[in-house]
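Quick note on labels: first sequence line is chain A, next is B, and so on, each numbered from 1. In this text the structure is predicted, and so the values were computed from the model without any measurement.
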4 protein chains.
Amino acid sequence: MARPSTVVRVHRAVLDLVREVGVDGLTMEGLAAAAGTGKQTLYRSWSSPLHVLFDALLASSTADDGRVEVPDSGDLARDLRTLVDGIVDELTEPAGDALMRDVLTRLQVHPELSAELQQRLLGPQTAAIAERFRRAGVVDPEQVTELLLGPLFHRWLLRTGPFTDGWVRSHVELVLRAAG
Amino acid sequence: MARPSTVVRVHRAVLDLVREVGVDGLTMEGLAAAAGTGKQTLYRSWSSPLHVLFDALLASSTADDGRVEVPDSGDLARDLRTLVDGIVDELTEPAGDALMRDVLTRLQVHPELSAELQQRLLGPQTAAIAERFRRAGVVDPEQVTELLLGPLFHRWLLRTGPFTDGWVRSHVELVLRAAG
Amino acid sequence: MARPSTVVRVHRAVLDLVREVGVDGLTMEGLAAAAGTGKQTLYRSWSSPLHVLFDALLASSTADDGRVEVPDSGDLARDLRTLVDGIVDELTEPAGDALMRDVLTRLQVHPELSAELQQRLLGPQTAAIAERFRRAGVVDPEQVTELLLGPLFHRWLLRTGPFTDGWVRSHVELVLRAAG
Amino acid sequence: MARPSTVVRVHRAVLDLVREVGVDGLTMEGLAAAAGTGKQTLYRSWSSPLHVLFDALLASSTADDGRVEVPDSGDLARDLRTLVDGIVDELTEPAGDALMRDVLTRLQVHPELSAELQQRLLGPQTAAIAERFRRAGVVDPEQVTELLLGPLFHRWLLRTGPFTDGWVRSHVELVLRAAG
DNA sequence: GCTTAATCGAGACGGTACGTCGTGTCTTTGC
DNA sequence: GCAAAGACACGACGTACCGTCTCGATTAAGC
């Protein structure tokens, strides 16, 4: 059996390593050692451990298609609750929660990474949600999508409170009322 | 004239320095040199350059009282627009914009700093806004406050779009409709 | 016009390059780039930059025949002074002085290069000098040759003093007295 | 018992290490590891592994006094043979031979080290020998000393031949004849 | 003349060392 | 007697070369 390609080994290494040492603990040196590669090879493709990690996460998330399936049963209220429950589950999944917040947070300092994330993941997902609102006859679907996602994001990132069922339910209700 | 106290010198140094070298460029060594102090003295009070910076920013912002003045003219719609305009101005102020996003972003990795920020700045401000909603007879003032701020924060942090007048106007409209 | 052969290009490159960067600054990578050749091609013929340089120097010095012309006018004293003056001129020639000392010095660590130098340059030259002593009836011409050259070499390599006319004159005198 | 000072540990480390890996195998990194010190500490005092080695050798050789005892029995011929035998013994001592030639050779590229060696070791020794010649009534003791040492050095460094008893004997004879 | 092979340039690769910078601790020194 | 100054062991930085290797492209030879 052939040796995995360099990129594959590096992606595996960074995902393994970040679980052991955290995002701050990643170093180009450590990655090179863990991936069995030279540092120069890393620098040829990435400019910091965060870039490597981001690339690995993006690769793994687009691998398993990453498409947000926005439910469309005809009942907008029920669909939104299902959607939000799904997002909340993902955001609070104990395994990836801390890592995601950590990475997402640090990305903000690297505009090119933020842009890539926006373009390849977030953009399509919000577009899909907006499309669902549009189909339901909502007048300003993009802005309503923001109204739906903004507080989720805010609560998650700033950890201003837990995602209880009650909170989700009344948040969806408020958004629906705003949507008219 | 007396020599400024150590803390004052350190605060000045970090605010000066961060403008030259950015948040990433701050080091304990550099701070010690810039403040004319020993490294040990820094470590006695702070555990990282980010702690120093955060402390300095907090000190300067509470100095000029930091109280959010939530307008209350009786006309909720107009008051909200004024409030949001004020926040947007602050968020997009070219000087502090980058630094604020940078610091706020990095804070997330330090729970104790996030908590302090929450408690000393963000909390009181959201409370004041919620109070304004309550006075206007809104049923669920806290959650509506989140509905107001979440998208602002989302748009600012992820840079998904500019804060045009139109956007602000219709955002407030949506929130008002949700608030009933 | 044909492209110069690889060896020629390499020889030119190393001689050019050593003048820019010094002996220590030579690298296989730099040589390959300067000669417009691949690294592998260099390694096929030489095992280190020093080998390349040595080879180039030897090639250029044997090209202009390199034969030491030992004068033989019948007057041994005068001939020796002429000979020594010639050697001193060569050793102190400002252009090549440093390079020669540098290379000769570094050669000592590579026995196979030392041997080649000995065999192709130094050996014939000392033999020619010894032959001149023999013709003059000196009993032990080889050892007297050493007596003549040793101090020259010593003074040159260790830079214990300059080669003044007075020094050369009395050195030759001493050697002649020793030669009997 | 106290921990040896940094300098002492470094000196020990370099002398140990050079026996294992040779002069070319010495690296600042390896030295730091072997001495249990940081690289910065090495760079504070020395600028290359060769400087470290040279310093250690000089320290150890001046420690055991380093004074050349030039014999003075009244019989110059016998004294010179004794002296030369001693030098030859040192030069051909199997343990240190290679190391000494290696270091001496590489020193030539570092004028400041050559100068230090000259001043602290070679200078005093040749002066002592010259003094012996002077006491014996030799007219030009410095130059005769060069006549004595030059060929030794030449033969040793260029390895043009072995130091047999016969060679030493006739070399001393030649020098004595030259000295008058 | 056309293909098969060998050779070349180019440069990626896994490594080692470079010389610098920052860390957090510990020691010396001067006010 | 405390705080500045900075030495120290340590580890990561980003770069330069090492010597090996795999690529095409180019030549040359053999059929």
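- Between the P atom of E/dC21 and the CG atom of B/L31 lies a distance of 17 Å, rounded to the nearest Å.
- Rounded to whole Å, atom C1' of E/dG14 lies 9 Å from atom CZ of A/R9.
- Looking only at distances, no side-chain donor or acceptor of A/T105 sits under 3.5 Å from a matching main-chain atom of B/Q108.
- Legend: residues meeting side-chain hydrogen bond (donor to acceptor under 3.5 Å, both in side chains) with C/R159, ordered by chain and number and at least two apart, are absent.
- Closest-nucleotide positions on DNA chain E for D/G25 and A/A35 were compared, and the one nearer the 5' end corresponds to A/A35.
- If you find the closest nucleotide of DNA chain F to D/T41 and to B/R44, the one lying nearer the 5' end belongs to B/R44.
- The distance from atom NE2 of C/H51 to atom P of F/dC18 is 14 Å, rounded to the nearest whole Å.
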Protein-nucleotides 23-28 of chain F N/O pairs under 3.5 Å:
none

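- Atom-to-atom, CG of C/D24 to P of F/dC18 comes out at 12 Å; the value is rounded to the nearest Å.
- Ranked by how close their nearest DNA chain E nucleotide is to the 5' end, A/A32 and C/G38 are led by C/G38.
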Listing, residues 11-21 of chain D side-chain donor-acceptor contacts under 3.5 Å, not counting sequence neighbours, or none:
{"from": "D/H11", "atom 1": "NE2", "to": "D/D55", "atom 2": "OD2", "distance (Å)": "3.3"}
{"from": "D/R19", "atom 1": "NH2", "to": "D/L15", "atom 2": "O", "distance (Å)": "3.4"}

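- Proximity of A/E112 to A/H51: side-chain heavy atoms (C-beta onward) are separated by under 4.5 Å at one or more points.
- Side-chain contact check for A/E116 versus A/L121: every heavy-atom pair is 4.5 Å or farther apart.
- A/T41 places no side-chain N or O within donor-acceptor distance of the main-chain N or O of A/T37, the cut-off being under 3.5 Å.
- Across all strands, B/T6 comes closer than 4.0 Å to no nucleic acid atom at all (heavy-atom distances).
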Please tabulate, one pair per line, each protein N/O and nucleotide N/O from nucleotides 14-16 of chain F that are separated by under 3.5 Å, including the distance.
{"from": "F/dG14", "atom 1": "OP2", "to": "A/Y43", "atom 2": "OH", "distance (Å)": "2.5"}
{"from": "F/dG14", "atom 1": "O5'", "to": "A/Y43", "atom 2": "OH", "distance (Å)": "3.4"}
{"from": "F/dG14", "atom 1": "N7", "to": "A/K39", "atom 2": "NZ", "distance (Å)": "2.9"}
{"from": "F/dG14", "atom 1": "O6", "to": "A/K39", "atom 2": "NZ", "distance (Å)": "2.6"}
{"from": "F/dA16", "atom 1": "N7", "to": "A/Q40", "atom 2": "NE2", "distance (Å)": "3.3"}

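- Partners of A/E93 by salt bridge (charged side-chain N to carboxylate O under 4.0 Å, His left out), not counting sequence neighbours: none found.
- Listed by chain and number, the residues in a side-chain hydrogen bond (donor to acceptor under 3.5 Å, both in side chains) with A/T6 are A/R9 (sequence neighbours excluded).
- Residue contacts for D/G30: at a heavy-atom cut-off of 4.0 Å it reaches no nucleic acid atom on any strand shown.
- Atom pair C/L17:CG and F/dC17:P shows a separation of 10 Å (rounding to whole Å applied).
- Of all the heavy atoms in A/V23 and A/R106, the pair that sits closest is CG1-NE, 3.3 Å.
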